[in-house]
Amino acid sequence: MINALRGMKDTLSPQSETYVYMIKTCSRIAEQYGFSFVETPILEETALFKRSVGESSDIVGKEMYQFIDKGENDVCLRPEGTAGVVRAFIQQKYDKAGEKKRFFYHGPMFRYERPQKGRLRQFHQFGAESFGESDVREDATIILMLKAMFEALGIGFTLEINSLGCPACMPQYRTTLVKFLETREGLCEDCERRKLTNPIRVLDCKNEHCKVLLADAPLIIDHLCVTCKEDFTTLKHILDQFDVAYVVNPKLVRGLDYYSKTAFEFVSNEIGAQSAIAGGGRYDRLVEFLDGKATPAVGFAMGIERLMELVKMPETRREGYYIAALCDEAKEIVFKLVDEKRKTEKVLTSYASKSLQNHLKAADKLYVKFCVCIGEDELAKQSVWIKDLESKEEKIINMAHF
RNA sequence: GUGGGUGUAGCUCAGUCGGUUAGAGCAUCAGGUUGUGGUUCUGAGGGUCGUGGGUUCGAUCCCCAUCACUCACCCCA
């Protein structure tokens, strides 16, 4: 027997109904916020992710499904969605046009990790990216949009925000931080490495000893330039105004290298250790990094599998018809009626002729609203017997009027 | 990559201090005097007890390995 690969899952009913419901709900809301659907390839040139996500990240460093294709191209399955959308944005020359563009996407992402609760090798994200808008109100809007999505889906969350600074203040802070780190002895191996590659990430270290050593580390939030500081204040102000509860987490850094300024994370405490349900922020320099014309941008991604078990689905109601034969002679007309009715309704059937009791049981189980049967009596009178399984009303109507 | 837990019927799980034909509930299918469901009754089908090796007269049970699933670390959505 051949099984699905490790960390890869089939999604069947009823989970698939939840999946579809989530995509529909989030897509609708994204459209209301002016975003349009974009579909980009799952397979991309490896360089795209090395340059965008960053070689210092674990995602690129050790989690990519990377291989050489038959044309000798170094390619990989996308580990996240932003890079592809940015690439498409630049390839369409939207950067040069200078228009504001807003996109949303959803689909599979791939990371070669050890699977656990809320972490798969092939998982799905819903995300959105906004290009050309540098106003911090866009950052706030994206957070409000996410809030609207979670509310529509009945999902509770806590929101953490931070500012990572911009080219005007971040490098300076970085130097300050590195100097501080030089004074600390006994950081873990990972942190020693990060010190050189991406010192900001050291702050996010989960190692208890490191936490102690870093307790009084300088924080970016205290070293922001005037603009960044003002923007962060505006963001907090808007969130207050719209009753979005949040906590400022000065040690919140995004795992991907391209973020700057606003960074945020939506967290749930109901789904195990992998508690981040959505994350995002501003990445004003990424378009440039990928050879486009400098374009401010902000976006987010949410993990669909992590949210699936939190979604509160609307109540399902009985729906559609079950049409079946009580005797072999009725089979032919039943088959015809089924096909006819399917032009306008959901119709289920049985190819076997069985007792009324059996058909009622089957219809009930399939959770349809109407059970329709045709037997000897109905054939003789050219009628159908129909029962509403909710109201229990039943009647016999002319076949032509069914 | 590292560590813990678990692998018995389609599903959820019992069980054998190592002993002959391995059980239950749910689900499925067939019936309950010839046309009335969701909460009835009866019966049936369905298992190489994850795989390979070892110990033993004998292993589903003990030991080793392996694979899978799962949770956590790490990382991240």
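Chain A is the first sequence line, chain B the second, and so forth, proteins listed ahead of strands; every chain is numbered from 1. All values below were derived from every heavy atom in this structure, side-chain atoms included, with hydrogens, water molecules and symmetry-related copies excluded.
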Go through Lys147(A) and Glu151(A) one step at a time and tell me if the salt bridge (Lys or Arg N to Asp or Glu O under 4.0 Å) criterion holds. CA-CA 6 Å; Lys147(A) 182 189 176 227; Glu151(A) 278 174 359; 3.4 Å; yes
Of the listed nucleotides A77(B), G3(B), U36(B), the one nearest the side chain of Lys387(A): U36(B)
Only pairs with both distances under 3.5 Å count, Watson-Crick or wobble alike; so what is the partner of A68(B) in this structure? U6(B)
Please report the C-alpha distance between Asn73(A) and Glu45(A) in whole Å, then the side-chain angles of each, then the deciding distance to 0.1 Å, and finally whether the side-chain hydrogen bond (donor to acceptor under 3.5 Å, both in side chains) criterion is met. CA-CA 7 Å; Asn73(A) 305 297; Glu45(A) 214 177 292; over 6 Å; no
By the 4.0 Å heavy-atom rule, please label Lys62(A) as base, sugar-phosphate, or nothing. nothing
Would you mind classifying the nucleic acid contact of Asn3(A) as base, sugar-phosphate or nothing, using non-hydrogen atoms under 4.0 angstrom? nothing
Taking only the C1' atom of each, what is the distance from C61(B) to G31(B) in whole angstrom? 39 Å
Taking atom C1' in both G23(B) and C64(B), what distance in whole Å separates the two? 30 Å
Can you see whether Phe49(A) has Arg78(A) sitting over its ring - NZ or CZ less than 6.0 Å from the centre and within 45° of the normal? no
Determine the interatomic distance between P on U39(B) and the same-named atom on A27(B); round to the nearest Å. 9 Å
When the P atoms of G54(B) and G58(B) are compared, how many Å lie between them, rounded to an integer? 11 Å
Just the rounded figure in Å: distance from C1' of A77(B) to CD1 of Ile59(A). 9 Å
Within the 4.0 Å heavy-atom criterion, would you say Arg318(A) contacts the bases, only the backbone, or no part of the nucleic acid? base
Step through it carefully: locate the ring centre of Tyr322(A), locate the ring centre of Phe370(A), and say whether they are under 6.0 Å apart. no
Who does G37(B) pair with, Watson-Crick or G-U, both distances under 3.5 Å? none
Using atom P of each nucleotide, how far apart are U60(B) and C73(B) to the nearest Å? 38 Å
Here the distance between atom P of C71(B) and atom CD of Glu113(A), to the nearest Å, is 14 Å
In whole Å, measure the gap between the P atoms of A44(B) and A24(B) for me. 11 Å
Name the closest nucleotide to the Trp385(A) side chain, picking from C73(B), A77(B), G35(B). G35(B)
Against the side chain of Arg119(A), the closest entry in G3(B), G32(B), C74(B) is C74(B)
Nucleotide paired to G43(B) in any strand shown, Watson-Crick or G-U, under 3.5 Å: C29(B)
Are Ser36(A) and Phe103(A) packed together at the side-chain level, in the sense that at least one heavy-atom pair is separated by less than 4.5 angstrom? yes
NA contact type, Ile277(A), heavy-atom cut-off 4.0 Å: base, sugar-phosphate, or nothing? sugar-phosphate
Between A77(B) (P) and Asp58(A) (CG): distance, integer Å: 11 Å
Base, sugar-phosphate alone, or nothing: which one does Lys361(A) contact when heavy atoms must sit under 4.0 Å apart? base
Which of the following nucleotides, C76(B), A27(B), G35(B), is nearest to the side chain of Lys365(A)? A27(B)
